[in-house]
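Here's the structure we're looking at; comments come further down.
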Amino acid sequence: MNHEIPNSYNWFAKLNLTQFISWNFDTDINSNSSINDRFKIECEQNREVLTFGRRQDMDTFVGFEIVSEKVMENVIVFHPSFGQNIKGWDIIESEHSDFFDFMHKRVLPEMKEWIPMDDVNEYLEK
């Protein structure tokens, strides 16, 4: 598989911009993640992803789509059932044209909702 990660994501990862309330991203993406396999099992559309992050308060994950063993720019947000391939379960929550679209439409709005309820000091290392 061509593991060339989209440059937009590389900028965030290399600058350590990987921790957002309520999303956490991997600095080193694991192409052998069991979550990639889980997506492939549960997605009825015969699609694949390279998972790069998850929402910290639930089993919602995010990954780049893989087409013909190549990592694409588009981003898929998904929530596995972790059960047997349940007929009618739509694992895909949303899709975005690229990492910046995902940040703009999903991460930042959720962060804006979350921040008033939490104390920043709980997230700072002591």
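Count residues from 1 along the sequence. Below, all heavy atoms of this structure are taken into account, side chains as well, without hydrogens, waters or symmetry copies.
- Between T51 and I35, the shortest heavy-atom distance links the atoms OG1-CG2, 3.6 Å.
- Residues P80 and F61 form a side-chain contact, since some pair of their non-hydrogen atoms from C-beta on lies under 4.5 Å apart.
- Side chain to side chain, E42 and S81 meet the donor-acceptor criterion of an N or O pair below 3.5 Å.
- Expressed to the nearest 0.5 Å, how far CG of L108 lies from CD of E113 amounts to 11.5 Å.
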*Determine, step by step, whether R55 and E110 satisfy the salt bridge (Lys or Arg N to Asp or Glu O under 4.0 Å) criterion, reporting the C-alpha distance in whole Å, the side-chain angles of both residues, the deciding distance to 0.1 Å, and the verdict.*
CA-CA 10 Å; R55 199 176 141 123; E110 289 177 7; 2.6 Å; yes
*Would R106 and D101 satisfy salt bridge (Lys or Arg N to Asp or Glu O under 4.0 Å), going step by step from the backbone distance to the final call?*
CA-CA 8 Å; R106 185 75 189 242; D101 186 59; over 6 Å; no
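- When all heavy atoms are compared, the tightest approach of I5 to Y9 is CG2-CD2, 3.8 Å.
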_With side-chain contact (heavy atoms from CB on, under 4.5 Å) as the criterion, how do V67 and K70 come out once you've worked through the C-alpha distance, each side chain's angles and the decisive distance to 0.1 Å?_
CA-CA 5 Å; V67 176; K70 182 177 189 253; 5.8 Å; no
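- Distance check, rounded to the nearest 0.5 Å: CD1 of I66 to CG of N36 gives 6.0 Å.
- Looking at E65 and E48, their side chains never come closer than 4.5 Å, going by heavy atoms from C-beta outward.
- F78 has its side chain out of reach of R38: every pair of non-hydrogen atoms, C-beta onward, lies at least 4.5 Å apart.
- Side-chain contact between D98 and P6: absent, with no pair of heavy atoms (C-beta onward) separated by less than 4.5 Å.
- Between N74 atom CG and R47 atom CZ the span is 7.0 Å, to the nearest 0.5 Å.
- Considering OG of S34 and CZ of F82, their distance stands at 7.5 Å, rounded to 0.5 Å.
- The aromatic rings of W23 and F102 lie perpendicular to each other, with more than 60° between the two planes, well past the 30° mark.
- Atoms OG and NZ, on S94 and K105 in that order, are 10.0 Å from each other to the nearest 0.5 Å.
- A chain of hydrophobic side-chain contacts below 4.5 Å, direct or via other Ile, Leu, Val, Met, Phe, Trp or Tyr residues, connects W11 to V62.
- Aromatic ring centres of F99 and F25: separated by under 6.0 Å.
- Proximity of F64 to V75: side-chain heavy atoms (C-beta onward) are separated by under 4.5 Å at one or more points.
- T18 places none of its side-chain heavy atoms less than 4.5 Å from the side chain of F12.
- Both L15 and I29 are part of a single hydrophobic cluster, where members link through side-chain heavy atoms under 4.5 Å apart.
- Two residues are said to be in side-chain contact when any heavy atoms from C-beta on lie closer than 4.5 Å; D59 and H79 meet this criterion.
- The closest donor-acceptor contact from the side chain of D26 to the backbone of D28 lies at 3.5 Å or more, if one exists at all.
- To the nearest 0.5 Å, atoms CD1 (I92) and SG (C43) are separated by 4.5 Å.
- Here the shortest heavy-atom pairing between F100 and S8 reads CE1-CB, 3.2 Å.
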*CA sep, side-chain torsions, deciding dist, call: V77, H96, side-chain contact (heavy atoms from CB on, under 4.5 Å)*: CA-CA 8 Å; V77 178; H96 304 275; 4.0 Å; yes
